[in-house]
Amino acid sequence: MNSKQKTVMIIEDEADAAELFSEMMRINGFRVIKMFSSAPAIPIITQEKPDVILLDVMMPDISGLEVLRYIRREPDLSATPVIILSAKSMPSDIKTGIEAGASLYLTKPVGFQDLKNAVELVLAEAQK
């Protein structure tokens, strides 16, 4: 296996969307970890330290924003790029996401090229 392969974690409660995002990322050569709820994702994030996290805001248990705030508080994780993928598209929602520490905020539906570009952008920023 290529040790340079980057890991993307997808935290998305909607199975179809999670699968679509996973497939998009696999096509781009990423190792994918899929989580369907946010509470169990937290210890996995801590353990795996993914290179980038795709995070839905509206989750059945803990809000994606709470997960994001947790990541930003943890010294080992605070620099991890997090892209919010949300159906919430009001400017106030986007502002809240960015203020919580999102690297980027994309509104659903997200196209393949947009997602690929967003992931490449935040990874390039993280390398700086």
Side-chain angles (χ1 to χ4, degrees):
M1 185 180 136
N2 180 355
S3 63
K4 287 274 187 235
Q5 188 180 36
K6 300 264 188 214
T7 299
V8 63
M9 179 182 265
I10 297 168
I11 305 171
E12 164 64 73
D13 61 324
E14 202 181 295
D16 289 348
E19 193 46 52
L20 180 67
F21 298 144
S22 296
E23 199 49 39
M24 288 177 177
M25 293 294 92
R26 280 192 205 102
I27 289 168
N28 282 306
F30 288 91
R31 175 175 163 253
V32 174
I33 302 168
K34 242 188 324 194
M35 302 295 297
F36 296 107
S37 65
S38 33
I42 290 175
I44 308 284
I45 293 167
T46 307
Q47 182 190 331
E48 291 279 342
K49 296 186 179 51
D51 296 291
V52 64
I53 298 170
L54 304 180
L55 180 63
D56 186 13
V57 173
M58 294 183 285
M59 297 296 285
D61 47 4
I62 302 170
S63 155
L65 293 173
E66 285 308 308
V67 175
L68 178 55
R69 290 183 184 112
Y70 166 81
I71 292 166
R72 292 298 174 241
R73 282 194 305 266
E74 289 298 303
D76 284 0
L77 303 171
S78 62
T80 306
V82 178
I83 299 173
I84 289 181
L85 300 173
S86 180
K88 297 179 82 168
S89 58
M90 295 296 292
S92 58
D93 296 321
I94 296 170
K95 183 172 184 279
T96 302
I98 297 297
E99 284 174 353
S103 309
L104 277 177
Y105 192 112
L106 299 178
T107 54
K108 295 177 186 171
V110 178
F112 178 79
Q113 198 60 48
D114 290 338
L115 186 60
K116 178 179 186 287
N117 293 346
V119 169
E120 286 171 0
L121 178 70
V122 298
L123 285 173
E125 287 291 319
Q127 301 292 304
K128 289 181 181 172

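These numbers come from the heavy atoms of this one structure, side chains and all, not from hydrogens, waters or symmetry mates.
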*Out of curiosity, does I62 fall in the hydrophobic cluster containing L68 (side-chain heavy atoms, cut-off under 4.5 Å, transitive links)?*
yes
*Could you grab the distance from atom NZ of K49 to atom CE of M9, nearest 0.5 Å is fine?*
11.5 Å
*Mind listing the closest non-hydrogen atom pair of V110 and T107 along with its distance?*
CG2-O, 3.5 Å
Under 3.5 Å, side-chain donor or acceptor atoms of residues 117-125 against the rest of the protein: list the pairs with distances, not counting sequence neighbours.
residue	atom	partner	partner atom	Å
N117	OD1	Q113	NE2	3.1
N117	ND2	Q113	O	3.3
E120	OE2	K116	NZ	2.9
E125	OE2	K128	NZ	3.3

*Identify the two heavy atoms, one from F21 and one from E12, that lie closest to each other, and give their separation to 0.1 Å.*
CE1-OE1, 3.7 Å
*Transitive ILVMFWY side-chain link L55 to M24, under 4.5 Å*: no
*side-chain contact (heavy atoms from CB on, under 4.5 Å) between K6 and V52, worked out*: CA-CA 8 Å; K6 300 264 188 214; V52 64; over 6 Å; no
*For the side chain of S103 and the backbone of V82, is there at least one donor-acceptor N/O pair under 3.5 Å apart?*
yes
*Verdict with supporting geometry, N28 and L115, side-chain contact (heavy atoms from CB on, under 4.5 Å)*: CA-CA 10 Å; N28 282 306; L115 186 60; over 6 Å; no
_Shortest non-hydrogen separation from S22 to A18 and the atoms involved_ = OG-O, 2.7 Å
*Shared ILVMFWY cluster between V67 and I84, side chains joined below 4.5 angstrom?*
yes
*Assess whether salt bridge (charged side-chain N to carboxylate O under 4.0 Å, His left out) is satisfied between E14 and K108, documenting all intermediate values.*
CA-CA 12 Å; E14 202 181 295; K108 295 177 186 171; 5.3 Å; no
*Do any N or O atoms from the side chain of D51 and from the backbone of T7 form a donor-acceptor pair under 3.5 angstrom?*
yes
*Mind checking the CG-OG spacing from L106 to S89? Nearest 0.5 Å is all I need.*
12.0 Å
_Check: P43 and Q47 side chains under 4.5 Å, non-hydrogen atoms_ = no
_Check whether S63 reaches the backbone of L65 with its side chain - one donor and one acceptor, N or O, closer than 3.5 Å._
yes
*Would you say K34 has more than 12 foreign heavy atoms packed within less than 6.0 Å of its NZ?*
yes
*From R72 CZ over to L77 CG, what is the distance, rounded to the nearest 0.5 angstrom?*
9.0 Å
*Taking it one step at a time, do D56 and L85 satisfy side-chain contact (heavy atoms from CB on, under 4.5 Å)?*
CA-CA 5 Å; D56 186 13; L85 300 173; 5.7 Å; no
*How long is the span from the CZ atom in F36 to the CD atom in E19, to the nearest 0.5 Å?*
7.0 Å
*Rounded to the nearest 0.5 Å, how far does OG of S38 lie from CD1 of I11?*
7.0 Å
*Indicate if F112 and V8 have the same hydrophobic cluster label, given that clusters are the connected sets of ILVMFWY residues with side-chain heavy-atom separations under 4.5 angstrom.*
yes
*Begin from the C-alpha positions of Y70 and T46 and carry the test side-chain hydrogen bond (donor to acceptor under 3.5 Å, both in side chains) through to its verdict.*
CA-CA 10 Å; Y70 166 81; T46 307; 3.1 Å; yes
*When you look at I45 and I53, which way does the side-chain contact (heavy atoms from CB on, under 4.5 Å) test go after all the steps?*
CA-CA 9 Å; I45 293 167; I53 298 170; 3.9 Å; yes
_Expected output: side-chain D61 to main-chain A39 donor-acceptor under 3.5 Å_ = yes
_Please determine whether residues L20 and M35 belong to a single hydrophobic cluster, defined as Ile, Leu, Val, Met, Phe, Trp and Tyr linked transitively by side-chain heavy-atom distances below 4.5 Å._
no
*Nearest-0.5 Å distance that lies between atom OH in Y105 and atom CD1 in I98*: 8.5 Å
